[in-house]
Structure formats: C-alpha cells, structure tokens
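See below for the structure under consideration.
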Amino acid sequence: MTTETHKAPAAEQDQRGERTVLTGKVTSAKMEKTIVVEVQRLVQHPKYRRVVRISKKFYAHDETRQAKTGDTVRIVASRPLSKLKRWRLKEILTRNTSVELTGRGAAQ
C-alpha cells in the first residue's frame, strides 16, 4: 500500500487565508500610531427577539497617523502588535467633515 501526497501549486501554497476585515468609526487618535475604532453590529436578542445594536472598541495600528477622530475606516486583523493591538488600518473610507471651533470663536 503506497500513500501519495499531492502538493498544491506554489502560488496557492504561498497565499494566506482571508483576513477578517471590519468597518467602524475612529473614536480616538491621540496615541502614538494607534487609533481606537468603534465597530457597531446588529444582533437579535435571544429572549425578546428584538434587534439590538452592539458596539465594540478595537485598537488598530496606524503607521502614518493619517486617521483622525470621526473618520470611517476599514481595519484588518494582524498579528499581535502590542498588548491590545491586533488590527491594522487598511483604508480610510470617509473623512470627518465637521470643524471644531477653538478659542474665542467657540465661546460666542
């Protein structure tokens, strides 16, 4: 009895599996190369069968510090980068367009 092993072509063997991608809103960009992204999802309540909005915060790595608070971003799963960071910024979908007033203009 002989056993044969079939090897996949080199192109298929080198590819990794699909990485988890999430879309959310940046709630904080005050840390060095780190952003906090809040992802909301809809879940049906197990007892009452009502749709409930659940949100969760993820810490993501932003190498170029291009994401700002209020931006809608897409993050992708990665290897652990620190104690809390397991995600990387993939792209910025929409920018925050609201302008924050500071100084004398805000008081009036």
Side-chain angles (χ1 to χ4, degrees):
M1 198 183 240
T2 60
T3 57
E4 295 181 25
T5 57
H6 296 284
K7 287 199 171 188
E12 287 182 25
Q13 197 171 9
D14 292 339
Q15 284 183 344
R16 288 192 237 180
E18 295 274 328
R19 296 211 172 211
T20 306
V21 177
L22 297 175
T23 303
K25 187 168 273 200
V26 178
T27 57
S28 173
K30 295 180 180 181
M31 292 174 274
E32 193 75 26
K33 295 185 180 181
T34 302
I35 57 174
V36 181
V37 180
E38 184 178 34
V39 176
Q40 290 189 349
R41 62 192 184 100
L42 299 175
V43 177
Q44 190 178 40
H45 191 281
K47 183 176 180 181
Y48 300 114
R49 304 291 183 218
R50 170 112 184 186
V51 176
V52 181
R53 182 173 286 126
I54 293 180
S55 62
K56 186 171 180 182
K57 292 194 291 187
F58 294 95
Y59 287 76
H61 185 69
D62 181 10
E63 184 68 35
T64 57
R65 299 189 70 179
Q66 58 189 0
K68 304 294 182 210
T69 304
D71 294 349
T72 302
V73 297
R74 185 168 286 145
I75 57 175
V76 62
S78 70
R79 64 180 176 83
L81 299 169
S82 69
K83 180 181 174 183
L84 297 174
K85 284 199 290 188
R86 268 70 171 149
W87 300 85
R88 284 181 292 116
L89 177 67
K90 185 174 184 182
E91 63 181 321
I92 298 174
L93 300 174
T94 58
R95 291 279 186 186
N96 182 15
T97 56
S98 67
V99 178
E100 294 181 17
L101 297 175
T102 57
R104 290 185 169 170
Q108 295 176 352

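Throughout, numbering of the chain's residues begins at 1 and tracks the sequence.
- In terms of heavy atoms, Ser55 sits closest to Gln40 at CB-CG, 3.7 Å.
- Residue Met31 is grouped with residue Leu84 when hydrophobic side chains (ILVMFWY) are merged at heavy-atom distances under 4.5 angstrom, including chains of intermediate members.
- Residues Val37 and Leu22 share a single hydrophobic cluster, defined by chaining ILVMFWY side chains whose heavy atoms lie under 4.5 Å apart.
- Arg74 CZ to Glu91 CD: the interatomic distance, rounded to the nearest 0.5 Å, is 4.5 Å.
- Note that CZ of Arg86 and NZ of Lys83 are 10.0 Å apart. Values are rounded to the nearest 0.5 Å.
- Atom CG of Asp71 sits about 10.0 Å away from atom OG1 of Thr97, to the nearest 0.5 Å.
- For the atom pair OH (Tyr59) and NZ (Lys57), the distance works out to 5.5 Å, reported to the nearest 0.5 Å.
- Tested against Ser78, the residues Ile75, Leu81, Val76 include a single side-chain contact (heavy atoms from CB on, under 4.5 Å) partner, Leu81.
- Residues passing the side-chain hydrogen bond (donor to acceptor under 3.5 Å, both in side chains) test with Thr94, sequence neighbours excluded: Thr72.
- The minimum heavy-atom distance linking Thr69 with Ala29 is given by the pair OG1-N, 3.8 Å.
- Atom CD of Glu18 has 12 or fewer neighbouring heavy atoms from other residues, nucleotides or ligands inside a 6.0 Å radius.
- No more than 12 heavy atoms of other residues, nucleotides or ligands sit less than 6.0 Å from atom CZ of Arg41.
- In this structure, Ile35 CD1 and Ile92 CD1 are separated by 7.5 Å, a value rounded to the nearest 0.5 Å.
- Atom NZ of Lys85 sits about 3.0 Å away from atom OG1 of Thr34, to the nearest 0.5 Å.
- No option in Glu63, Gln66, Lys33, His61 other than Gln66 meets the side-chain contact (heavy atoms from CB on, under 4.5 Å) test with Leu89.
- When hydrophobic clusters are built by joining Ile, Leu, Val, Met, Phe, Trp and Tyr residues whose side-chain heavy atoms come closer than 4.5 Å, directly or via intermediates, Val36 is not grouped with Trp87.
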